Structures are given as structure tokens and as C-alpha cells.
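Residue numbers run from 1 in the order of the sequence given. Only a predicted model underlies this, so the values are computations on that prediction, with no experimental measurement involved. Read the numbers this way: they start at 1 and go in the same order the structure lists the ligands and their atoms.
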Amino acid sequence: MIPHNKPTLGKQEELAAKRIIQSGWLAEGTEVEKFEHNFCDFIGISHGHAVAVSSGTSALYLALWVLNAKKKKVAFPSYVCASLRYAVNMAQAKEEIIDIEKGYPNISINELNKSDCSIAIVPHIYGNPVELDKIKNKLIIEDCCQSIGAKFNGKHVGLIGEIGIFSFFATKLMTSGGQGGMIVSKNKSLIDEIRDYRKFDMRNDKKMRFNFQMTDLQASIGIEQLKKLPGFLNRREEIFNFYLNAGLPIQTNKKVSNSNPIRYRAILISENPKELIKKLYDNRIKAIVPIEDWELLSPTKNAINYCKKTISLPLYPSLTDEEVNYIIKTIQ
Ligand SMILES: Cc1ncc(COP(=O)(O)O)c(C=O)c1O
């Protein structure tokens, strides 16, 4: 069976993890610090502007916490994973759910601009940057869990809004050993506050904190994956273009000027997704409906229609040319 997704790991990750295990220091330490520095280098900001945490969800919670979201209205799209809702509720904020654009997975900026929310969580879904410069009068948390490396107006996503958050879950664009997250901001004082929150143990100031730490073992794998990320993104682009050039109805980036998307998913538009998914499965290919209508955070009109027409094809760096050709031939 060709899986729908899988992490791409090799000898380098294995050796890095072995080195940490042999060192006798597994918990958060110098390796996490190095990962944070390297991440800053990758997205193009000075050291000190990134803090590593245990997951994308904890990154979201901490972003809301540091922006004092408690009791405030926080908007986010209906078409996204449930972790946004969990983080908003953990932060004791009030949720407001916004529809996506017609026929496109990103949040509707028109609808968002009608909202009087103080904070908006804006995910760049499937690697497609949202036109952040059109969003008015709100603090923006950029959710870059599916878009590391994408750019808008020449800048890496994550650095345009107030805060950017990233996920290193096993099947994301890169992983830090199965789970992990990163928070970045141009505003270093926000990052310093989160770093202080993360250092929960041995404090005598009675402030409330929580253990959202990443371990050195995870960071050592993250460091190796980050080195490989440019190659991963190129390979993803190549596979995406194989599908596209074969004439498959793959959704490309909506014409967002000055945007450089990356390819987290290859979304095929079909009038009958379930039937095609079944036929692919019978031919040992796993494709999925990326978000089913029952998973939507609210049954908004455009999101329901979008769910009914989308199939996500296998797309990951270790997918071979032979496998891609076989997938294309089977669909054709
Ligand atoms: C857009 C988006 N936001 C947030 C998350 C949460 O990240 P994590 O699974 O690392 O908690 C995910 C992934 O699951 C995601 O796809």
C-alpha cells in the first residue's frame, strides 16, 4: 500500500538521537536552544525570536496567553483541525468561527473583516499564504503548521502577523520526533514572556506556568530535519508538478500576488471523492478526504461544499517517481 503520508527520516536523525541518548541529557537544554537558533536562521530573524515547545497546539495556547486573549473574542476558520478550538477554549477566550473562501481552503478575509474580534488565528492551509495585508484591525496569530517555508511579500510566513506558530507533528513538513512546536515573533518581548512561562520548575515568584517543554532528544531530530527541509520542499514541489503536468485537476494556489506557496497537500478536485478514494484503495493507494464535513468546527456553507469535493493524494519527500507515476496512471 502506498501510504497517504509518512515522515522522511534517515541515518542523520538516527545518529543525532543516539548522540543525545549517550550524552545522558535528554530533557530541555542546549539542543533545544540550538534548534531555536537554527529555526531563526531558516526563517530570517535574529536569534532569540523563536521558542520551541511540545506541540503546535501548545504553541497556539501560549500565543493566545501572551496576547491576553482571556475573555476576548478570537476568530478562526471552520475548515481546520480541532486544535484551534481547544487552544482558544484553554485560553478562556470566546470563539468566533469564520467561513472559508468559496472553493478555496483559506479563511474568508471579507468575513473576517466583518468580525469585531480582537485576535484572529489565520492558518495558511496546505501551504497557501493568506493575504495578511488585507486583514484589518486585529492582532494576527499566523498558524504556519502546514506552511513552513512559504512566503508572502518576500517574507517567511510567521513573521508577518504578531506571532507565528509551527507544528513538527510526525506528518507535517518536518518533524522533531513525532511531536513538537515553535513560536516566533518580531516582538522579542513576547517570546521572552513565553520562554519564562515554559521554564516552569524551580521558580519562587508564584506565577502560574505549565510544562510545555520540548526535549533535547526531540530537538536533535528537529535540527537534522531542518537541514533537510529545503530539499523536502523542493521534492514536494516536484511531485506536485508531476500531478499537475499529467493533467490531474489539482488545485493550485489562488492568484495571491507576491506569494510563494509550498506544497503540503496535493488536493484533487472531484465530484465523487468517496468513489475515487475507494478505487485508489483497491489499487493499493491511500488517498483521503483531508477534512470531512463532520469534522468542521462549524458547518459553514463554503466549507461544507469544499469538503464534498476534495481528495488529498500522497505527497511526501520519500514518495518515489515510480509511485507517483503509478498513482497518476491509476487515476487516469
Ligand atoms: C493548521 C494546524 N494548526 C494546528 C495544528 C496543531 O499542531 P499539533 O498537532 O502539533 O498540536 C495542526 C496539526 O495538527 C494544524 O494542521
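- For atom 14 (O) of ligand 1, the closest non-hydrogen atom of the protein is Lys172 NZ, 3.2 Å.
- For Lys72, the NZ atom sits in a packed shell: over 12 heavy atoms of surrounding residues, nucleotides or ligands are nearer than 6.0 Å.
- For the side-chain contact (heavy atoms from CB on, under 4.5 Å) with His124, the lone residue among Ile107, Ile262, Leu132, Asp143 that qualifies is Leu132.
- The number of heavy-atom neighbours closer than 6.0 Å to CZ of Arg284, taken from other residues, nucleotides and ligands shown, is 12 or below.
- Those atoms of ligand 1 that come under 4.0 Å of a heavy atom in Gly56, given as number and element, are 7 (O), 8 (P), 10 (O), 11 (O).
- Electrostatic pairing of Glu36 and Arg198 counts as a salt bridge here, judged by a charged N lying under 4.0 Å from a carboxylate O.
- Every atom of ligand 1 is numbered from 1 in the order shown, and the set under 4.0 Å from a heavy atom of Leu84 is 3 (N).
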Quiz item: For Arg209 and Asp201, what are the C-alpha separation, side-chain angles and deciding distance, and is it a salt bridge (charged side-chain N to carboxylate O under 4.0 Å, His left out)?
Solution: CA-CA 9 Å; Arg209 297 180 174 87; Asp201 201 14; over 6 Å; no
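- Nearest to atom 12 (C) of ligand 1 among the protein's heavy atoms is Cys81 SG, 3.4 Å.
- Just one residue in the list Glu14, Glu13, Glu224, Glu31 forms a salt bridge (Lys or Arg N to Asp or Glu O under 4.0 Å) with Arg19, and that residue is Glu31.
- Listed by number with element, the atoms of ligand 1 under 4.0 Å from a non-hydrogen atom of Ser83 are 4 (C), 5 (C), 6 (C).
- Among all non-hydrogen protein atoms, the one lying nearest atom 11 (O) of ligand 1 is Thr57 OG1, 2.4 Å.
- For atom 16 (O) of ligand 1, the closest non-hydrogen atom of the protein is Gln146 NE2, 3.0 Å.
- Heavy-atom distances between Gly181 and ligand 1 stay at or above 4.0 Å for every pair.
- Looking only at protein heavy atoms, the nearest one to atom 2 (C) of ligand 1 is Asp143 OD2, 3.4 Å.
- There is a side-chain donor-acceptor pair under 3.5 Å between Glu95 and Asn89.
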